[in-house]
Amino acid sequence: MEKMIWDIEANKVTSLIKEGKRVDGRKLDERRKVTVLKNISDNADGSAKVTLGKTEVMAGVKMVLGTPYPDNPDKGTISVGVELLPLASPQFEVGPPRENAIEIARVVDRGIREGKAIDFKSLCVREGELVWIAFIDFYVTNYDGNAFDAGSIAALAALNETKIPKIEDDKVVKHEYSGKLKLAKQPLLTTVSKIAGNLVLDPVLIEEKAQDARFSCAVSDDKTMCAFQKGFGGSFKVSEIDECIDLSFKSAKELRKLV
Amino acid sequence: MEKMIWDIEANKVTSLIKEGKRVDGRKLDERRKVTVLKNISDNADGSAKVTLGKTEVMAGVKMVLGTPYPDNPDKGTISVGVELLPLASPQFEVGPPRENAIEIARVVDRGIREGKAIDFKSLCVREGELVWIAFIDFYVTNYDGNAFDAGSIAALAALNETKIPKIEDDKVVKHEYSGKLKLAKQPLLTTVSKIAGNLVLDPVLIEEKAQDARFSCAVSDDKTMCAFQKGFGGSFKVSEIDECIDLSFKSAKELRKLV
Amino acid sequence: MEKMIWDIEANKVTSLIKEGKRVDGRKLDERRKVTVLKNISDNADGSAKVTLGKTEVMAGVKMVLGTPYPDNPDKGTISVGVELLPLASPQFEVGPPRENAIEIARVVDRGIREGKAIDFKSLCVREGELVWIAFIDFYVTNYDGNAFDAGSIAALAALNETKIPKIEDDKVVKHEYSGKLKLAKQPLLTTVSKIAGNLVLDPVLIEEKAQDARFSCAVSDDKTMCAFQKGFGGSFKVSEIDECIDLSFKSAKELRKLV
Amino acid sequence: MAKKDEKIEYVKNGKRLDGRKVDEIRPLKMKVGVLPNADGSAYLEWGQNKVLVGVHGPKEALPKHKQNPYKGLVRFTYRMATFSVPDRKNPRPGRRESEISKVSGEALEKSIFLERFPNCAIDIYVEIFDSNAGSRAAGITAASVALADAGIPMKDLVCAVGVGKAGGEIILDLNKDEEDAPDAVDIPIAIMPRTEEIVLLQMDGPITKPEWNKAVKLGIQGCNQVYEAQKVALREKFAKVEKGK
Amino acid sequence: MAKKDEKIEYVKNGKRLDGRKVDEIRPLKMKVGVLPNADGSAYLEWGQNKVLVGVHGPKEALPKHKQNPYKGLVRFTYRMATFSVPDRKNPRPGRRESEISKVSGEALEKSIFLERFPNCAIDIYVEIFDSNAGSRAAGITAASVALADAGIPMKDLVCAVGVGKAGGEIILDLNKDEEDAPDAVDIPIAIMPRTEEIVLLQMDGPITKPEWNKAVKLGIQGCNQVYEAQKVALREKFAKVEKGK
Amino acid sequence: MAKKDEKIEYVKNGKRLDGRKVDEIRPLKMKVGVLPNADGSAYLEWGQNKVLVGVHGPKEALPKHKQNPYKGLVRFTYRMATFSVPDRKNPRPGRRESEISKVSGEALEKSIFLERFPNCAIDIYVEIFDSNAGSRAAGITAASVALADAGIPMKDLVCAVGVGKAGGEIILDLNKDEEDAPDAVDIPIAIMPRTEEIVLLQMDGPITKPEWNKAVKLGIQGCNQVYEAQKVALREKFAKVEKGK
């Protein structure tokens, strides 16, 4: 039943897109309105709430002391976790889609990591012994498509707010800080859906239902890409990927002003 | 089917209680017979079997060496675990009720912890480095209602029997002991069901099926309460809570002679 | 449906065995053809692929540094893990049989451990501090009965190939080795099914469906047995066990040439 | 945070460490209808606590064998974000969250006309994004408002607050510093204010009966303060609805 | 406990360290019908081992796709309490418990007229509250008696015992000290005594065939001692039942 | 392995560290139909990578509520053996394996006439027994061949390869040493070669657009090399089938 309603709606999306139109009136290469609200949690070392249209994400960073990996004794690291909360959508209730959440987390992680947003050496406290691990966790609280971009924006906004806790006797002093985390780059994801042969920026949920394929590209500055992820059962031509890349550079430039 | 039989039985309970009577002939404020059998397991550092009517519980304590929490370097601690064994009731087979077991464990834990049964400083072996953790685990082997009180009695009886193992080179020497665990207080739980507007002490299983609400109160001596827990979907008036508290002081006084 | 087909096939097996015959033409005390292919993974410290008829197993050994058990400060140890892969049989897809895999792993483990294949003292690097743990993991990739024997052969073949990694600063130097693991004994399992009162060596899958009981015996040399395991719902007479033991000594002698 | 064994006066000249009076709750802001995909929702800031609640339902309860043919089920999930506490929380739900979910769900049951929804379930999701003592009271309070937002027929709202003891004083709505007092007692309480029926009551720590009598009075008074805030938030929402299309 | 490399004589002048003869089992007490809610039950003390068994069934096997239309299922769960061993046991069931559950359930199958219960299951729960070598034999022995108590039709009881080797001697019903001998061999065995059919047999540790021949004889003799104890316990129960109403 | 900060030339006189040219893939051997119990199977050695794939299906998709009435499901499971990597892998599947399973299954979907199998599932199991960069490309390549072996109707094979950057050079089919380069970029790509449609594309690490343009050309060329090997392997299999009975 429900599936049938989705199918009808998805067909509507496809018909519109064939005419170059979208369900919500946007242009094919237009992103939804983005809002960024910083510092949503005092217990977090950095945090932000991001809305991308009706998609809403809450992100927080916790700086935790740990031991470095033996093969990288002078580097800290990051860890990205995502939860698609049941309250975000009636569809997430029957067991939230674990594989999807893992994919989103890993793609956002790659964007930040490979985009060299953070100089991992700057997270070293004492070589071989003590480093910072930045735990970046975000929660999708209302899902209307494209948690990739919303999560990427929220993660970066939260990192940009992050303070480094003070250390005493190798332990964190609560609620005291020694400075701010400095970001070397501002890598951001841009996601495009392919629907009926057209490339559509920043898909809403019903567009995701209609898509043949999905492509996400993270760029860290005006010249450098740092992560790709193609998803879904369809395919892209090389020329289409090139078009997606161009959209990503343009989109990231705009987003960078907000985070 | 089975549900229907329970409903009929529960209705019978309600009718009786409206007349001030109970299915097993007890008075509303009368506890079932309690038996305590100590030292049921030589491998435990302290142990006891308790029956509360047909409800039967086996409890054991293991003293384990661990490192203290950084914010309490001079204190040991306790940990309470409960299992509602499948053999205790045909109803527990289809996945025993995990949430119920957690609630029971946490309420029994709070009674012992907040009732200051054990001076946690007395569990310190070497400040900041080595402390005792008392693992108190109990198993419900036959369930006929009120595992809260049965578990509380069994846990306390087992603690009262507990010997402290001998330590050599910061390790436990098996089967040798350096003395007994000393309890500072004897906190005990008392559970009351509200059925048809009446307060009923120590409910049996079928009374639990008929209850509107449940209230448990732990008292540690003749003047001091140390834990409350209201459960189930119904409600209590303040005056009813006061009555439950009075019953708890009276009941604990009697139970204290047995543990 | 499927079950019915199995039953028909199993009945056929039983009828044949009553006449002293087997579905694949073997004699009752005849093992299937065994092939052993060594060194199937360069990342393993030792590895082997074994086929026993159509049953196929891939085994690998990883030597990992760890701390010894407090009661055995001068001894390393082994750990055996088994997976019945879903690709090995359409029957393994609906949740592979966890209990069966555990039993196989533990019986193979006991054969190697109690058969003193490895002198655990030779795995000690520094008493009380650093020892080798040999992780032996095998994967059943095609299942046609008797994963016990196939796994035992594969585990032993992999151990016989195992090189000990070089150590520097208490860490493993990758891809460099200090020598070979020396085996003191060559313990091997032999499994016999009881079908229609007959003892049948090395059962195929459909014979396992027809069996009343199963018996496995590991022997470590021409005189010494090191592990037994009776399985399935049926029974054995003492004389039948004796016969199984004799078969095991004979079978192990032949297998020993291959590993 | 209080140093060990240091003697702190938690109430001095009628004022608490954060300037509040003994019977004063922390600032409380509520917004109703914040999640487009939920049937009902609310966002609550209460002191440092920040709580988001979504309600889905009533809808058919699944799996079927959990259905009750006489009344609907309330399923309550209380979860804390990893960054909502001083030390990073393990992302997996713990035993504390399980217990709070259970008693909070039970606290709301009586307020809902559940007999109108046989075989159905009402799912309540409470997410804590920041905390500082009192997050369970905040969760229940916001959940009740979210249920109203979902249009679920109720006898009354449920309002909750913490009451307790610190430094020998009975005080309302303890914050974290007060909860860390050496003699601290914490008593979360929830009532249906019209009848003053108690639907949630827990307690931690040694207390005498006279102290309890004082505390419960203060708690009920606190619940009534919360009740007013709930009504204001709901009125705002419905005013907006009427003004809007 | 034996010190490493110290030479211990496990049998001296025909007596073992705990005073038993080589063919003597530890004291064994059994009580039948101890759990009101179970269809059958038994409590067994055997040396230091303390075992409680409850049987539920026969009843419909669920989930349905596990049903066998030709015969009933035996589902056996062996669990150890955290405090039943020298070091606290992790509360989660481990691989050892899984294996023992599997082979113990299989050991009981042949003794039950399972073909009378198509599509049904019989659940056997074995809880170990104290242990000192031999708890699986204790579990099987008590389980068979609990099955009889549940009125489940059986061909024979199943009785189990450990037999094995310590200090070069073949001995019956090893205790923990004997199991810790450097050359220890442990052979749990279960039989149906009327036909002397072996329904459980495991072995750990190096042994020659002549030693095995000696051990199996001793094991079967031990099982028969256990059998007598089982019959006594069942007679006591049914005597009581007849005396009582 | 490269020491930190040591300057390595990854391509010198047109040759890479292992002697390959920049556009040369590592030796690749494939065998089709290796598992008797699978509907289709393949074994692939590609450099040091060793991959076994089994396909089961099409068959009814279970549980039923996962069925799609319009087309079949592809379920792809990529798993690494504990001994397939330099450090022993935890036997439990990790997040990396989850992600690779997801994108690899999606990469194969378009190549299969899934609309012919409503309500059905095709299960693809990929087991990695040895690895050295490129195991996901190896898994997809072998899986497509195993699908053909299972007789599943397909529009085209799917062939995959890694392309990327090391030491400033764009190179094909990176090995582990190259993947560990300080400036390494890794781009797994899979195409359907007849139409050159890209069905899998991931990327890790900083790269400019001109570099990407060069890399994708090289990647597609590499995929075509893989395609030839796939066709050879399938021809061998079917030649054998015709020769055999």
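These numbers were taken from a predicted model, which means no experiment stands behind them.
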> By a 4.5 Å heavy-atom criterion (distance strictly below it), what part of Lys116(B) contacts chain D: side chain, backbone, both, or neither?
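Looking at Lys116(B), just its side chain touches chain D.
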> Look at Glu99(D), Lys110(D), Glu109(D) and state which one has the largest set of heavy-atom pairs under 4.5 Å with chain B.
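Counting heavy-atom pairs under 4.5 Å, the top option is Glu99(D).
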> Check whether any side-chain heavy atom of Ser98(D) sits under 4.5 Å from a side-chain heavy atom of Arg98(B), and report yes or no.
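With C-beta onward as the side chain, the pair touches.
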> With a 4.5 Å heavy-atom cut-off, do Gln202(D) and Arg110(B) have their side chains touching?
yes
> Are Glu103(B) and Lys102(D) ion-paired here, with the side-chain N under 4.0 Å from a carboxylate O?
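Between Lys102(D) and Glu103(B) there is a salt bridge, with a charged N closer than 4.0 Å to a carboxylate O.
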> Just give me the residue among Thr208(D), Asp204(D), Asn68(D) that pairs up with chain B most often, heavy atom to heavy atom, under 4.5 Å.
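Most heavy-atom pairs within the cutoff with chain B belong to Asp204(D).
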> Flag yes if more than 12 heavy atoms outside Phe113(D) fall under 6.0 Å of its CZ atom; otherwise flag no.
yes
> Please list, in residue-number order, every residue in residues 218-232 of chain B that has a heavy atom less than 4.5 Å from any heavy atom of chain D; write 'none' if there are none.
Lys223(B), Thr224(B), Met225(B), Cys226(B), Ala227(B), Phe228(B), Gln229(B), Lys230(B), Gly231(B), Phe232(B)
> For Glu114(B) and Pro206(D), which heavy atoms make the closest approach, and how far apart are they?
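Closest approach of Glu114(B) to Pro206(D): O-CD, 3.7 Å.
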> Would you call Arg214(B) and Glu106(D) a salt bridge, using N to O less than 4.0 angstrom?
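No, this pair does not count.
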> Return the option, out of Glu196(D), Met192(D), Lys209(D), Glu197(D), with the maximum number of heavy-atom pairs under 4.5 Å with chain B.
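Answer, by heavy-atom pair count under 4.5 Å with chain B: Lys209(D).
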> On a heavy-atom basis, which atom in Arg95(D) and which in Ala105(B) lie closest, and how many Å separate them?
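Looking at all heavy atoms of both residues, the shortest contact is NH2-CB, 3.5 Å.
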> Is it the side chain or the backbone of Ile220(D) that comes within 4.5 Å of chain B heavy atoms, both, or neither?
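For Ile220(D), the contact with chain B is made by the side chain alone.
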> Does any non-hydrogen side-chain atom of Val199(D) lie less than 4.5 Å from one of Ser235(B)?
yes
> Please determine whether the number of non-hydrogen atoms from other residues, nucleotides or ligands lying under 6.0 Å from atom NZ of Lys18(B) exceeds 12.
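No, not enclosed.
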> Quick one: which residues of residues 238-251 of chain B reach chain D at under 4.5 angstrom, heavy atoms only?
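Checking residues 238-251 of chain B against chain D gives Val238(B), Ile241(B), Asp242(B), Ile245(B), Asp246(B).
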> Under 4.5 Å from any heavy atom of chain B, what part of Leu201(D) do you find: side chain, backbone, both or neither?
both
